[in-house]
Number of protein chains: 2
Amino acid sequence: MAEPRWLDDREFRAWLGYRRMRLLLDAQIARDMQRDSGLSDADYDVLSALSSRESRRWRLQELADRMTWSKSRLSRHIGRMEERGLVTREGCDTDARGSVIVLSEGGWRAIQEAAPLHVASVRTHLIDLLTPEQIESLGDIAETVLGRLSASRD
Amino acid sequence: MAEPRWLDDREFRAWLGYRRMRLLLDAQIARDMQRDSGLSDADYDVLSALSSRESRRWRLQELADRMTWSKSRLSRHIGRMEERGLVTREGCDTDARGSVIVLSEGGWRAIQEAAPLHVASVRTHLIDLLTPEQIESLGDIAETVLGRLSASRD
DNA sequence: CACAAGTTGTTTACGTGTAAACCAAGAATG
DNA sequence: CATTCTTGGTTTACACGTAAACAACTTGTG
């Protein structure tokens, strides 16, 4: 096996920093949201996806695709959210197999209340710590990396 | 509840990009490592922590602290790695309660073989896509965020 | 129309993370 | 040195993600 190009100091610092940031930052923001609003990260993602559409309803598969979740994951998660009164399931008119996930009144209230607290948390732990240049740069980095990832689906 | 400062377009792009990058990039790199070396992300982290010390041995608690893992998580993970011959457990001389995790010969070989492939994967999906300025910037961002996180342990 | 093939959503089996209970052994205190 | 407190590690109960199997339904084809 040929000797690879190892990471130099700066590269290593960036990689390790990214890894550690991902570990701790996400945990902190999730903890904040659990404490402030009683929602998990996943709950929030589902609620905000649902509320992004005027009708507040999505076919399960569509929603799963949009979120890059497996159908099975979403199905089970919806089940749990249903028990907590955040969403409801309805049958689909045009396809008897289908099920439609609907944001309930309680779910709507939950995300309305959670959103400002969540934004505050994201600001506190990330956005407000960075310069405008760094924010721009982070956006660029993500765009580049994601562009390549979706291009080379091997 | 007062209206919060919502994220503007650039801030939102950075936050969303970060979230999505974390979701997809990490999954891709983990997939590569599983395929190339049969190791999970967690396996790799344990192996590289163990091999970072000349003696290739750590007390469980120390190792858990260093990795920011819970004792229970590490204990169970070590159990699985032990079955696969990557590490062994030994009693501790100075404290009869203690257990010492030792990198086995097989574990040493595994990480030796995995490391260059892992670096290549990190380069392909992240480092080699970025300019030197972006690499520097990513390191800075992580340092800032992590600094604040560990400062304000509330 | 009948039947094969594909799609939709749920369920099952399994791996693994967390929190809390637990046990054993060291440390501290009277 | 006996009793209590603390610490190191494991185990248990539970939550949740994934892949694969499954059942119900739709679609495409002769």
Side-chain angles (χ1 to χ4, degrees), chain A residues 19 22-24 26-31 33-35 38-47 49-50 57-84 86-102, chain B residues 19 22-24 26-31 33-35 38-47 49-50 57-84 86-102:
Chain A
R19 294 274 295 179
R22 165 204 151 218
L23 187 66
L24 299 184
D26 296 358
Q28 181 64 50
I29 289 179
R31 223 169 7 245
M33 190 153 56
Q34 186 66 56
R35 186 197 55 203
L39 297 175
S40 71
D41 224 55
D43 295 333
Y44 190 89
D45 287 350
V46 171
L47 292 177
L50 280 174
R57 57 180 57 224
W58 286 78
R59 282 292 291 275
L60 189 140
Q61 173 80 303
E62 273 184 299
L63 190 56
D65 287 346
R66 179 190 158 103
M67 300 179 70
T68 336
W69 280 22
S70 67
K71 283 181 302 179
S72 118
R73 176 180 184 186
L74 184 58
S75 176
R76 309 192 81 223
H77 201 91
I78 291 296
R80 274 170 259 145
M81 292 180 74
E82 208 174 2
E83 285 175 7
R84 294 193 289 147
L86 297 170
V87 300
T88 58
R89 260 184 243 254
E90 291 180 8
C92 177
D93 293 337
T94 60
D95 185 339
R97 293 167 304 180
S99 91
V100 178
I101 316 304
V102 186
Chain B
R19 295 273 295 178
R22 164 205 152 218
L23 187 66
L24 299 183
D26 296 358
Q28 182 63 51
I29 290 180
R31 221 166 12 242
M33 190 152 57
Q34 187 65 55
R35 187 197 55 204
L39 297 174
S40 71
D41 225 57
D43 294 334
Y44 190 89
D45 287 350
V46 171
L47 292 177
L50 281 173
R57 57 179 59 225
W58 286 77
R59 282 292 290 275
L60 189 141
Q61 174 79 324
E62 274 184 297
L63 189 56
D65 288 346
R66 179 190 159 102
M67 299 179 71
T68 335
W69 279 22
S70 67
K71 284 181 303 179
S72 115
R73 176 180 184 186
L74 184 58
S75 175
R76 308 189 80 222
H77 201 91
I78 292 296
R80 276 171 253 139
M81 292 180 74
E82 207 174 3
E83 284 175 7
R84 294 192 288 147
L86 297 170
V87 300
T88 58
R89 260 184 244 253
E90 290 181 9
C92 178
D93 293 338
T94 61
D95 185 337
R97 290 168 304 180
S99 94
V100 178
I101 317 305
V102 186

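Chain letters run A, B, ... following the sequence lines, proteins first and then strands; every chain starts at 1. Side-chain atoms are counted along with the backbone in the values below, which use heavy atoms only and exclude waters and symmetry mates.
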- Message: Protein within reach of the bases, or only the backbone? For nucleotides 14-23 of chain C, mark each nucleotide 5' to 3' as B, S or -, using heavy atoms under 4.0 Å.
- Response: --SBBBB---

Could you state the [atom1]-[atom2] distance from [X] to [N], rounded to the nearest angstrom?
X: Q61(A); N: dT10(C); atom1: CD; atom2: P; result: 11 Å
X: E62(A); N: dT8(C); atom1: CD; atom2: C1'; result: 12 Å
X: L60(A); N: dT8(C); atom1: CG; atom2: P; result: 10 Å

- Note on the structure: At a 4.0 Å cut-off to heavy atoms of chain A, the contacted part of DNA chain D spans dC16(D) to dT26(D)

- Message: Minimum heavy-atom separation for C92(A) and S99(A), please, with both atom names.
- Response: CB-N, 4.5 Å

- Message: Assess, by modelled atom type and distance only, whether the side chains of R31(B) and Q34(B) contain a donor and an acceptor separated by less than 3.5 Å.
- Response: no

Residues 72-84 of chain B, side-chain donor-acceptor partners within the protein, below 3.5 Å, at least two apart:
from   : atom 1 : to     : atom 2 : distance (Å)
H77(B) : ND1    : R80(B) : NH1    : 3.4
H77(B) : NE2    : D43(B) : OD1    : 2.7
E82(B) : OE1    : R89(B) : NE     : 3.1
E82(B) : OE2    : R89(B) : N      : 3.4
R84(B) : NH2    : D43(B) : OD1    : 3.0
R84(B) : NH2    : D43(B) : OD2    : 2.7

Please tabulate, for side-chain N and O atoms in residues 59-67 of chain B, each donor-acceptor pair with protein atoms closer than 3.5 Å (sequence neighbours left out).
none

- Query: Counting only non-hydrogen atoms, which of residues 89-99 of chain A are less than 4.0 Å from DNA chain D?
  - Reply: D95(A), A96(A), R97(A)

- Query: Any donor and acceptor pair, going by atom type alone, linking the side chain of W69(A) with main-chain N or O of V46(A) inside 3.5 Å?
  - Reply: no

Tell me, do [X] and [Y] make a side-chain contact under 4.5 Å, heavy atoms counted?
X: V100(B); Y: W58(B); answer: no
X: V102(A); Y: L50(A); answer: no
X: T88(B); Y: I101(B); answer: no

- Query: Looking at residues at least two apart in the chain, or sitting in another chain, which of them share a salt bridge (charged side-chain N to carboxylate O under 4.0 Å, His left out) with R19(A)?
  - Reply: D41(B), D45(B)

